[in-house]
Each structure stands twice: as C-alpha cells, then as structure tokens.
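Convention: sequence-line order gives letters A, B, ...; per-chain numbering from 1.
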Amino acid sequence: MAKIKRQKIKTLLESGAAVENVRVQGWVRTRRDSKGGFSFLEVNDGSCLKNLQAIIDANLPGYDELTHQLTTGSCVDLLGNLVESPAKGQSVELQVKKLKIYGSADPEKYPLQKKRHSFEFLREIAHLRPRTNTMGAVMRVRNRLAWAIHKFFNERGFVYLHTPIITASDCEGAGEMFQVTTLDLDHVPKVDGKADFSQDFFGDKTGLTVSGQLEGEAYALALGEIYTFGPTFRAENSNTSRHLAEFWMVEPEMAFYDLDDDMDLAEEFIKYLVRDVLENCADDMEFFNQRIDSTILTTLKNIVDNSFERIHYSDAIHLLQKSNKTFQYAVEWGCNLQAEHERYLAEEAFKKPVVLYNYPESIKPFYMKLNEDRETVRAMDVLLPKLGEIIGGSQREDDYEILLERMKAKGVDPEEYGWYLDLRRFGSAPHSGFGLGFERLVQFVTGMENIRDVIPFPRTPKHARF
RNA sequence: UCCGGCGUGGCGCAAUUGGUAGCGCAAACGGCUGUUAACCGUUGAGUUACAGGUUCGAGUCCUGUCGCCGGAGCCA
C-alpha cells in the first residue's frame, strides 16, 4: 500500500469534510483522559493556530503505555479517519487507528506547561517558545508580512537588491557599528598607537551595515526602483521594547521620486501590508485581538480606511506649542521631537498615522535634500499611534555642490564617499527612499508589546544566546 | 547609558514592626467525565540571583556584582 502523505491541520480544518485515512503529524499540546475508554489529544502542527482533536481509543494496541508517553510537548504521527465531531468545540476530529510517537517529552523536565507563561520566561527558552500559541501566530504573521513586502514591490516593478552586510563606510549617520575584523584581538598590529587596519582582512576598517541606503541609491540610479530587505546592525546600547541590535529593514529607493511621491508610496505600502495580513491571517489576528491587544483589529482597520495626516515639521511644532499639554521636554523649532511629542501627535491630536516632513536641516543627515529655504530638508517620518516612528525617509540631495558642502558641514569625509558623490557627478537624478523597521511593523500589526517577542532569536545588549 | 522597579519550589505570586517560607497553576499518583483553559482528592518539590556586611536572628536592612522589567535617550 502506498504511503499516506501528511496532511496539514490547517487544510483539514478549512475543508471541514470527513475523510478516511488521513495522516497528521505534530506536537501534543494537551491530553485529556476519559475513562469512557479513550483519550482526547490536542495536536498542533504549526500550520495554523488551531489544534486538531484526536481520539485515541483504549482498544488500540499498547494504549496504556502509549497514552503514558503522550505528554505535552511530545511529537506524534497519527493515522485515522477524520469524522464529524459529536461534541461542541470543534467541527471535525481524528479517530486514530494507528499511532506512533516520534519523540516524547518528559513532563517533569519539559519547560512548557499547559498554562500561560510570561514572555520574559519564554525568552529564556527561545528555542522552545515557537511551540506556544502566541509565538506561532507571531511567526506566521511575520512570514506573511515578509511575503507581502516582496509582493508589493514586485507588483510595482521594483528590483530586489542585495546590498552588502559588511561595509567599510564608516559613518552613515545612522548609529554605532559592530566592527568586523580577523585581527588577533590580543595582539593588534599598530601604527602610531592605533590599530593598523591595513593588515586586516579587508585592508580597511570594516563593520556590519547599519543601512543599505547608499548602495541602494547607486542601483536606483540605474534600475529605476529598487528595494532592499535584509538584516541590519546597530551597536547602540539601547535597552527598550522597540530596539534590537540585529533587525531587519526594508529600504526602497526610487529614481525620479520627489518627497511627495515618497510619502505616497510609504502610505500605500503600510496600508497594503496591513490589508494583506487582515485578509490572510484572520485566525491569528483574531487571536491577537483576544489575547494580546483588544483594540488591534479596530486600529488596523482604521489605518486601511483613512488617509494619513501629513504635516510640516514647523506646523507640528506650532500645534504642540498651542496644545495645553505640559511636556517633559520643551518644544521649540529646531529641536528633535521626543517620544512624548510624537505620541501626542499620533494618539491625541490626529488619532491616526501622521507623516511629519520638512525637518530642520540641522537635525538630519547630510544626504537629505536641502529645501529652497536652506533651513529645512525634504525628510519625512511616519509615526504610528502607540509605536512611534516606523518609517524614516527623504528625498536625497542630488546636487553635487550642495551635497559636498553638507558633507563637510556635518564632518563627513568626502574622500571616503567619493563613489557616492560620483552618483551626482554622472547622470544625477532626483530620487527618494525610506527605511522601515521590519520588527516594528510586526510589533504594530500583532500588538505585541516587546520587539524581542516578534523575532525568533532576539539580539540585544548582553544577549546573543541561541 | 540614565531614572525607577524587581529577582522566593518547573511557572505566576505571597510572607504584617527583621523571628529561619506559604498559595495558585504545572507535575506524579488516584477518582470521575464525549473531554475541550476539564473537574475532585493526595503527594513530592525551595542554600529565597550571587558575594560580602549589620544583627542573638535576614527573603525582609546595608554595600557591591549579575540578570530581568518599565520609562527615557539614540533610532528603525
């Protein structure tokens, strides 16, 4: 007889039809024994949030021994008939005819119990936490978002560009870098008291990328529209629920886009992603709404249905000054907006996503395009209620002279960025782009409070285990 | 990095003015039931993060270290 292929629980539950001879493989969540002569098994195979209820009849050979091993966490291979369930709680259930245990899990030692665990505890067992409902749901949504990102850009003719992970660009204005070296740290070769990187692997001082933007610009100015989607690293000692040392970033870069086009794309992008998840991860999203954040579905629907508020930085400053709220940090033109200010704008003033643009030149990096007033740059940030900044972008400076001038003013060595200046010396074009923190997006969409719980194995200061 | 809080059985927590540890869940065993966050009973399980100190006596007070959480800064 031919081998019966595994069916995913998701497929079986979606069809809801009775079928004979189906094979299900997965992990036992709980077992409830009935002295009526059978046991109920809740099996999950990761294909969806829901478990499949399996009935193990006491007449099965070796029932006593087998059920004993069917503990929470054990892995099983089940063969049987999918039938309509006589009891409430599920439409179909599996009447098991053949049972095999791939791996048991000693209940005295298995850390996951059939009870709620704190996320703090689950982080300590990051290799086992994917077997929980919440982490399973988070990872399915995360996957769907990643897929939707590729879909969105490819539908629009963007080219997926792989920018380097290791780079010699020193300061891209985006934070501290992790150094990459093969030098013997116990005996670092030195010249004039400083490390001699000419003897290092790359013959130069290198680090892990903090952004693929500059490389992305080079390709946008040839292919038209590109996007990157990959890991990014920041060696900042940030200990917050919104920061990781290693995170994934999406960075589209488009030739011939001005700042308005850039903002249009960012808004369309976020709405597209949210809509996609609402449509394709309905069960998981329902779970988040019930167990994690009871407002999440309403919030997401609002985002899809309403346009984002777009407001000049200067107008936002006025608005904040006019508000009767007392802020911990004073508001004045030229200051960086604090988290409390951003929160006021998105959560109280407008109660929806806000796009702030035309920031003071003084608080933004050298590559952003200077406005005619020479005081502001064409920069924009998208602020989300509760989460804060999720997107930062700008139209890039395409004028050679101005770019050079701004580099010098910001203390960036033009020598090192000769190649970047070349993009303005040869066939320069107006272009724009933005960066989106992928984990923050997952956080926002799922309602999860801590960014460490939306990435499989989080990297934060003092934490690189697993 | 700064400010605040916390660190007690596998997990979540409790312990009055300092008087040498309890509860719930989980687990094991038994009972009961087409059960479904199952239910009922019994049992076992803790050098109270670590290192010092004060005291007749420290989970409780003090110092230091480590870790975790919340907020802030930096940002995505």
**Derivation and outcome, side-chain contact (heavy atoms from CB on, under 4.5 Å), residues Leu320(A) and Leu337(A)** = CA-CA 10 Å; Leu320(A) 287 163; Leu337(A) 289 185; 3.8 Å; yes
In whole Å, I'd like the distance from the [atom1] atom of [X] to the [atom2] atom of [N].
X	N	atom1	atom2	value
Arg459(A)	A76(B)	CZ	C1'	19 Å
Glu389(A)	A72(B)	CD	P	14 Å
Phe247(A)	C75(B)	CZ	P	12 Å
Asp453(A)	C68(B)	CG	P	13 Å
Lys462(A)	U65(B)	NZ	P	11 Å
Glu236(A)	A72(B)	CD	C1'	14 Å
Arg31(A)	A26(B)	CZ	P	14 Å
Arg234(A)	U1(B)	CZ	P	19 Å

**Request:** Extract the stems that RNA chain B is part of, considering only consecutive pairing runs of at least three Watson-Crick or G-U wobble pairs, both distances under 3.5 Å.
**Result:** B:1-7 with B:66-72, B:10-13 with B:22-25, B:27-31 with B:39-43, B:49-53 with B:61-65
**Prompt:** Which part of the nucleic acid does Thr232(A) contact within heavy-atom distance under 4.0 Å: base, sugar-phosphate only, or nothing?
**Reply:** nothing
**Request:** May I ask you to say what Tyr329(A) touches in the nucleic acid, namely base, sugar-phosphate or nothing, with a heavy-atom cut-off under 4.0 Å?
**Result:** sugar-phosphate
Whether [Y] and [X] form a salt bridge (side-chain N of Lys/Arg under 4.0 Å from carboxylate O of Asp/Glu) is what I want to check.
X	Y	value
Arg396(A)	Asp262(A)	no
Arg465(A)	Glu124(A)	no
Asp258(A)	Arg378(A)	no
Glu361(A)	Arg406(A)	yes

Can you tell me, in whole Å, how much space there is between the [atom1] of [N] and that of [M]?
N	M	atom1	value
U65(B)	A26(B)	C1'	33 Å
A28(B)	A38(B)	P	14 Å
C69(B)	C62(B)	P	24 Å
G9(B)	G22(B)	C1'	11 Å
G46(B)	A27(B)	C1'	16 Å
U54(B)	G44(B)	C1'	37 Å
U17(B)	C23(B)	C1'	24 Å
A45(B)	G10(B)	C1'	9 Å

Check whether any side-chain heavy atom of [X] sits under 4.5 Å from a side-chain heavy atom of [Y], and report yes or no.
X	Y	value
Ile390(A)	Leu441(A)	yes
Tyr257(A)	Asp264(A)	no
Lys351(A)	Asn302(A)	no
Lys151(A)	Tyr272(A)	yes

**Message:** Using a strict heavy-atom distance below 4.0 Å, which residues from residues 118-140 of chain A are in contact with RNA chain B?
**Reply:** Ser118(A), Glu120(A), Phe121(A), Arg123(A)
**Item:** Polar side-chain contact Ser238(A)-C74(B) base: donor and acceptor under 3.5 Å
**Value:** yes
**Message:** When you measure only distances, ignoring hydrogens and angles, does the side chain of His243(A) come within 3.5 Å of the base of C75(B) through a donor and an acceptor?
**Reply:** yes
**Message:** C68(B), OP1 or OP2 - any side-chain N/O from Asn239(A) closer than 4.0 Å?
**Reply:** no
**Request:** Tell me whether the guanidinium CZ or amine NZ of Lys364(A) lies under 6.0 angstrom from the six-membered ring centre of Tyr359(A) and within 45° of its axis.
**Result:** yes
**Message:** Test: ring-ring contact (aromatic ring centres under 6.0 Å, His included). Region: residues 113-148 of chain A. Which pairs qualify, not counting sequence neighbours?
**Reply:** His117(A)-Phe121(A), His127(A)-Phe466(A)
**Candidate nucleotides C74(B), C69(B), A72(B), ranked by approach to the side chain of Asn450(A) - the nearest** = C69(B)
**Request:** Could you check which of G71(B), C69(B), A72(B) has an atom nearest any side-chain atom of Ser241(A)?
**Result:** G71(B)
**Complete:** RNA chain B nearest-nucleotide lookup for Arg452(A) and Arg440(A): closer to the 5′ end is Arg452(A)
**5′-ward residue of the pair Ala339(A)/His463(A) relative to RNA chain B** = His463(A)
**Request:** Check side chain to side chain donor-acceptor pair (under 3.5 Å) between Lys386(A) and all other residues, then give those that pass, not counting sequence neighbours.
**Result:** Thr295(A)
**salt bridge (Lys or Arg N to Asp or Glu O under 4.0 Å) evaluation trace for Asp45(A) with Lys8(A)** = CA-CA 7 Å; Asp45(A) 69 357; Lys8(A) 298 226 178 178; over 6 Å; no
Give every donor-acceptor pair under 3.5 Å between a side-chain atom in residues 77-86 of chain A and any protein atom, sequence neighbours left out.
| residue | atom | partner | partner atom | Å |
| --- | --- | --- | --- | --- |
| Asp77(A) | OD1 | Arg23(A) | NE | 2.8 |
| Asp77(A) | OD1 | Gln25(A) | NE2 | 3.2 |
| Asp77(A) | OD2 | Arg23(A) | NH2 | 3.3 |
| Asn81(A) | OD1 | Asn21(A) | N | 2.9 |
| Asn81(A) | OD1 | Lys97(A) | NZ | 3.4 |
| Ser85(A) | OG | Ala87(A) | N | 3.4 |
| Ser85(A) | OG | Ala87(A) | O | 3.3 |
| Ser85(A) | OG | Gln90(A) | NE2 | 2.9 |
| Ser85(A) | OG | Glu93(A) | OE1 | 2.9 |

**Message:** How would you summarise protein contacts on nucleotides 27-35 of chain B per nucleotide, using B for base, S for sugar-phosphate only and - for none, with heavy-atom distances below 4.0 Å?
**Reply:** SSS--BBBB
